[in-house]
Each structure stands twice: as C-alpha cells, then as structure tokens.
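Every number for a ligand or one of its atoms is a count from 1 in the order of the listing.
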Amino acid sequence: MMKIAVLVSGNGSNLQAIIDAKVSGQIVGVISNKADAFALQRAEQAGIATAVIEHKDYPDRVSFDAVMHQKLLDWEVDLVILAGFMRILSPIFVNRWQGKMLNIHPSLLPNYKGMHTHQRVLNSGEVFHGCTVHFVTAELDAGPALAQSVLKVAQHDTAQSLAERIHQLEHFIYPLVVDWLCQGTLQYQTDGHVTFRGQALQRPIQFSQF
Ligand code: GAR
C-alpha cells in the first residue's frame with residue numbers, strides 16, 4: 001500500500017476529504033509549517049502522526065525543505081500531497097519528489113497561477129472557474145494537470161462564495177486523483193508524461209458542475 005504524507009498550512013479541509021474518502025493509500029503523516037494550523041487537529045483526531053516544521057526557524061528555503069525531506073524519508077513516504085500548503089518549494093526538493101507529489105490549486109490552470117485566484121477571476125469577468133490537481137514541478141503551478149473541476153461563476157458570487165464553491169469541488173476531485181495514483185490507474189512515466197488507464201493523458205480529466 002502506498003504511504004502518503006500530506007503537507008498543510010491551514011484549515012485542512014482537503015486533508016479531511018482525503019481522510020474521509022478512505023483512499024487506497026495509507027496516510028502516514030501530516031506536516032505543517034504552522035503550529036496553529038487546524039489541519040493538525042484533524043490529523044490527530046484521525047490518529048495520524050503529525051510534525052510541525054516551521055519555515056521561520058530556518059535561514060532559507062533549502063534548509064527548511066531538507067528537514068521536511070528527511071521527515072518524509074523517516075516515514076518512508078511514496079506520495080506527497082500538498083493540501084493548502086502555502087510555501088514555495090525549492091527546485092531541489094521538488095526534483096527529489098518528481099512524479100510523486102501532487103498539488104491542488106484553486107483555478108483552471110494554466111489560468112490564474114499564484115494567489116487570490118477567486119478575486120482575480122471576478123475582476124476579469126470570467127464565466128468559468130474551477131480547480132486543478134496537478135503534479136508539482138519546479139515551476140510554480142505549472143506541472144502536468146491531471147484533473148479539473150469546473151463551475152460557472154454566478155452574478156452574485158463573491159471571492160468568499162467562490163472559495164466555498166471551489167472547496168466543494170476540490171473535496172471531490174482530490175481524493176479521486178489520489179486514489180487513482182495509489183491504484184496505478186494514473187501513472188507518472190519517467191519521461192514526464194502521464195498515463196491514465198494505460199493511455200497517454202493528453203489533457204486533464206474534466207468534471208463540471210452544470
Ligand atoms: C484550497 O482551496 C487549495 O486549492 C488552496 O488552498 C486551499 C486550502 O484549503 N491552495 C492554494 O492556493 C495553493 N496555491 P484547505 O486547507 O481547507 O484544504
């Protein structure tokens with residue numbers, strides 16, 4: 001069974017969704033870069049080991065990442081899940097976990113990389129918005145996209161309502177993609193390509209809410 005670690009910084013509702021979905025892998029630990037992250041309580045409640053590794057205790061990104069890397073090795077992790085982990089990871093760390101690290105991002109990548117996606121989507125008058133699960137590569141929010149879930153922006157939507165609606169979509173697709181990876185339905189090939197049920201994945205698997 002695949003051993004999974006989840007990296008968090010905050011509320012951890014995606015962590016909760018992955019716990020509740022009982023994916024095929026085993027969540028062996030949760031790492032937070034913030035001691036007060038509610039996600040840590042969720043992990044403890046579920047009987048999962050936790051580690052707090054605070055970035056502010058380290059002089060630079062590389063030394064912070066090295067401590068996280070060692071923790072992941074200690075836990076013998078096969079798959080790293082970023083779930084609201086709000087630190088940029090160093091290329092050296094990302095390359096060590098290439099093809100073994102997923103992120104979820106609150107936009108339809110490649111659109112709206114970075115922060116404050118909901119407000120930026122509203123400001124641009126977009127009709128569609130959504131979330132993307134992707135492999136993490138050294139370039140921020142740019143790794144191969146595996147699945148997306150799309151919603152239609154409503155006239156009365158605010159950044160807050162979009163955040164809530166997107167969370168609902170995330171809680172469905174993230175556990176699903178994690179499960180696909182654990183089962184081998186989705187596979188990362190050494191040349192950087194991804195296969196889904198043995199076929200090259202040309203574009204992310206799309207789900208829509210309408
Ligand atoms: C999620 O919406 C996730 O997409 C976003 O943070 C939220 C975490 O929520 N991630 C990013 O913005 C990464 N750049 P959660 O802590 O309740 O899972």
Side-chain angles (χ1 to χ4, degrees), residues 4-21 23 27 29-46 48 50-55 61 65 68 79-91 93-94 97 101-123 126 128-151 153 157-179 204 206-207 209:
I4 302 170
V6 185
L7 272 50
V8 297
S9 301
N11 180 27
S13 68
N14 279 287
L15 165 67
Q16 191 70 58
I18 294 166
I19 294 171
D20 293 346
V23 295
I27 306 175
V30 169
I31 299 177
S32 175
N33 66 313
K34 294 198 167 177
D36 61 354
F38 183 61
L40 289 166
Q41 291 182 41
R42 296 181 188 270
E44 280 156 21
Q45 196 80 43
I48 299 167
T50 59
V52 175
I53 303 173
E54 293 198 273
H55 57 277
R61 245 180 242 293
D65 289 358
M68 282 204 301
L79 183 62
V80 179
I81 309 286
L82 307 184
F85 182 71
M86 304 309 272
R87 298 295 301 170
I88 292 175
L89 296 161
S90 59
F93 180 90
V94 172
W97 294 95
M101 182 155 60
L102 292 180
N103 182 40
I104 191 156
H105 182 76
S107 79
L108 296 172
L109 293 173
N111 300 330
Y112 301 101
K113 298 172 179 174
M115 305 281 285
H116 311 299
T117 57
H118 310 304
Q119 192 57 53
R120 286 157 58 209
V121 159
L122 286 174
N123 293 350
E126 297 283 357
F128 298 109
H129 186 28
C131 53
T132 306
V133 178
H134 65 97
F135 276 121
V136 179
T137 56
E139 197 188 332
L140 186 70
D141 298 332
L146 305 175
Q148 291 186 318
S149 192
V150 185
L151 57 71
V153 179
D157 265 319
T158 60
Q160 179 61 31
S161 71
L162 280 179
E164 284 165 19
R165 293 179 66 201
I166 294 287
H167 265 111
Q168 298 305 316
L169 306 185
E170 292 184 337
H171 298 163
F172 173 72
I173 61 166
Y174 214 0
L176 190 62
V177 174
V178 171
D179 204 53
Q206 282 231 356
F207 297 87
Q209 209 206 26

Item checked: Under the ring pair (Phe, Tyr, Trp, His ring centres under 6.0 Å) test, residues paired with Phe135 that sit two or more places apart ->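 For Phe135 the ring pair (Phe, Tyr, Trp, His ring centres under 6.0 Å) partners, ignoring immediate neighbours, are Tyr188.
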Item checked: side chain to side chain contact (heavy atoms under 4.5 Å, CB included), paired with Leu102, selected from Val80, Leu82, Leu146, Val136 ->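 Result: among Val80, Leu82, Leu146, Val136, Leu146 is the only option passing the side chain to side chain contact (heavy atoms under 4.5 Å, CB included) with Leu102.
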Next item on the list: Output all residues satisfying salt bridge (charged side-chain N to carboxylate O under 4.0 Å, His left out) with Glu54, sequence neighbours left out; order by chain, then residue number.
Entry: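 In terms of salt bridge (charged side-chain N to carboxylate O under 4.0 Å, His left out), with neighbours along the sequence ignored, Glu54 is linked to Lys56.
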Notebook entry, point to check: Among all residues two or more places apart in sequence or in another chain, which pass the salt bridge (charged side-chain N to carboxylate O under 4.0 Å, His left out) test with Asp157?
Noted result: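 By the salt bridge (charged side-chain N to carboxylate O under 4.0 Å, His left out) rule, Asp157 matches Arg165.
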Check: Rounded to the nearest 0.5 Å, how far apart are CD of Glu164 and OG1 of Thr158?
Finding: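 The OG1 atom of Thr158 is 7.5 Å from CD of Glu164, to the nearest 0.5 Å.
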Next item on the list: For the residue pair Arg42 and Ser13, establish whether any side-chain heavy-atom pair is separated by less than 4.5 Å.
Entry: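 A side-chain contact exists here, since the closest heavy-atom pair is under 4.5 Å.
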Next item on the list: For ligand 1, list the protein residues that place a heavy atom within a distance below 4.0 Å of one of its atoms, sorted by chain and number.
Entry: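 Within the 4.0 Å shell of ligand 1, which is judged on heavy atoms, sit Asn11, Gly12, Ser13, Asn14, Gly84, Met86, Ile104, His105, Pro106, His167, Glu170.
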